[in-house]
Amino acid sequence: MCYVRDILLDKPAEVWTIGPRETVYRALEVMAERNVGALPVVDDGRLVGVFSERDYARKAILKDRSSRATAVGDLMSSPVHTVTPDTHIDRCMELMTDKHIRHLPVMVDGRLASIISIGDVVKARMKEQEVLIKDLSNFISGNRS
Ligand SMILES: NC(=O)c1ccc[n+]([C@@H]2O[C@H](COP(=O)([O-])OP(=O)(O)OC[C@H]3O[C@@H](n4cnc5c(N)ncnc54)[C@H](O)[C@@H]3O)[C@@H](O)[C@H]2O)c1
């Protein structure tokens, strides 16, 4: 579980997206329906931003902007930080920490293929450590099977 491609093996293939001209209210509905915290914003097949619960909290609620009258494109975070299936998990953690983001769209051949969250990365890291601890325990006890 060291690379983004390993995380993708454990995830459903669908990626839920929203268009920049859709309302913020619609984005919140999609996030609630799909039980996710962020949506890549796609315009004409091109990734143009990410809209997250954090964007809503900071840029709509606190700024007193109506979710029904505001377009996703006005509040989304852009430019987008992305990764590929070959990105190492350490690099994902670094990006999430440095950029204060919880989601990273995954690009394949320049096109949006998936998205990973901070929960996915933590889960992968924990799995990696469990395997290491098991291997070390087996090594110490002499059980190499
Ligand atoms: N059930 C699971 O497999 C799972 C996985 C990760 C996190 N969680 C839990 O969900 C809560 C919040 O998790 P989080 O902070 O990682 O973020 P999140 O709620 O956005 O992500 C939850 C899961 O949905 C996926 N996801 C997010 N946005 C998506 C989108 N637009 N299209 C398709 N899939 C998308 C993520 O990759 C992740 O696997 C935490 O309590 C966490 O423990 C559950």
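Position 1 is the first residue of the sequence; numbering continues from there. Whatever order the structure lists them in is the order used to number ligands and atoms, beginning at 1.
- Ligand 1 has a nitrogen or oxygen under 3.5 angstrom from a nitrogen or oxygen of G119.
- Under 4.0 Å is where a charged nitrogen must lie from a carboxylate oxygen, and between D90 and R125 at least one such pair does.
- At least one protein heavy atom sits closer than 4.0 Å to atom 33 (C) of ligand 1.
- Close approach of ligand 1 to K11 (heavy-atom distance below 4.0 Å) involves ligand atoms 25 (C), 34 (N), 36 (C), 37 (O).
- Clustering ILVMFWY residues whenever any of their side-chain heavy atoms sit less than 4.5 angstrom apart, transitively, puts V36 in a cluster other than the one holding L47.
- In this structure, atom 43 (O) of ligand 1 has no protein heavy-atom contact shorter than 4.0 Å.
- For atom 23 (C) of ligand 1, the nearest non-hydrogen atom of the protein is S117 OG, 4.5 Å.
- For atom 36 (C) of ligand 1, the nearest protein heavy atom lies closer than 4.0 Å.
- Numbered from 1 in the order shown, with element, the atoms of ligand 1 that lie under 4.0 Å from a heavy atom of E14 read 33 (C).
- With a heavy-atom cut-off of 4.0 Å, S114 does not touch ligand 1 at all.
- For atom 30 (C) of ligand 1, the nearest protein heavy atom (residue, atom name, distance) is I115 CG2, 3.4 Å.
- Contact annotation for atom 26 (N) of ligand 1: protein present (non-hydrogen atoms, distance under 4.0 Å).
- Those atoms of ligand 1 with a heavy atom of P40 less than 4.0 angstrom away are 31 (N).
- Annotation: side chain of L39 is not in contact with side chain of V50 (no heavy-atom distance under 4.5 Å).
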Trace of the salt bridge (Lys or Arg N to Asp or Glu O under 4.0 Å) decision for E130 with K127: CA-CA 5 Å; E130 275 168 27; K127 212 161 155 181; over 6 Å; no
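- Distance check for atom 40 (C) of ligand 1: every protein heavy atom is found at 4.0 Å or beyond.
- Side-chain heavy atoms closer than 4.5 Å link hydrophobic residues (I, L, V, M, F, W, Y) into clusters, and following such links, possibly through other members, connects L75 to L28.
- Residues V42 and M76 are members of separate hydrophobic clusters, defined by side-chain heavy-atom contacts under 4.5 angstrom among Ile, Leu, Val, Met, Phe, Trp and Tyr.
- Contact annotation for atom 20 (O) of ligand 1: protein present (non-hydrogen atoms, distance under 4.0 Å).
- In the candidate list S52, G37, A38, G37 is nearest to atom 18 (P) of ligand 1, counting heavy atoms.
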From CA spacing to verdict: salt bridge (Lys or Arg N to Asp or Glu O under 4.0 Å), R26, E33: CA-CA 10 Å; R26 181 63 197 139; E33 280 161 17; 3.5 Å; yes
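- In this structure, the protein non-hydrogen atom closest to atom 38 (C) of ligand 1 is D120 OD1, 3.3 Å.
- Note on L132 and V122: separate hydrophobic clusters, where clusters join Ile, Leu, Val, Met, Phe, Trp and Tyr whose side-chain heavy atoms are under 4.5 Å apart, directly or indirectly.
- In this structure, atom 6 (C) of ligand 1 has protein heavy atoms in its sub-4.0 angstrom surroundings.
- Within the 4.0 Å heavy-atom criterion, the part of H103 lying near ligand 1 is the side chain and not the backbone.
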CA sep, side-chain torsions, deciding dist, call: D43, R21, salt bridge (Lys or Arg N to Asp or Glu O under 4.0 Å): CA-CA 9 Å; D43 192 19; R21 285 170 289 282; 2.7 Å; yes
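- Listed for the D6 side chain is a donor-acceptor partner under 3.5 Å among the backbone atoms of C2.
- The residue among D10, I118, I116, N35 with a heavy atom at the shortest distance from atom 15 (O) of ligand 1 is I118.
- Looking at T17, V30, V36, it is V36 that brings a heavy atom closest to atom 24 (O) of ligand 1.
- Cluster membership for I118 and M31, using ILVMFWY side-chain heavy atoms within less than 4.5 angstrom, is not shared.
- A donor-acceptor contact shorter than 3.5 Å links the side chain of K11 to the backbone of I115.
- Contact atoms of ligand 1 toward V15: 32 (N), 33 (C) (distance under 4.0 Å to a heavy atom of the residue).
- Protein heavy atom at the shortest distance from atom 4 (C) of ligand 1 is K123 NZ, 4.3 Å.
- No donor-acceptor pair under 3.5 Å is formed between the side chain of S78 and the backbone N or O of V80.
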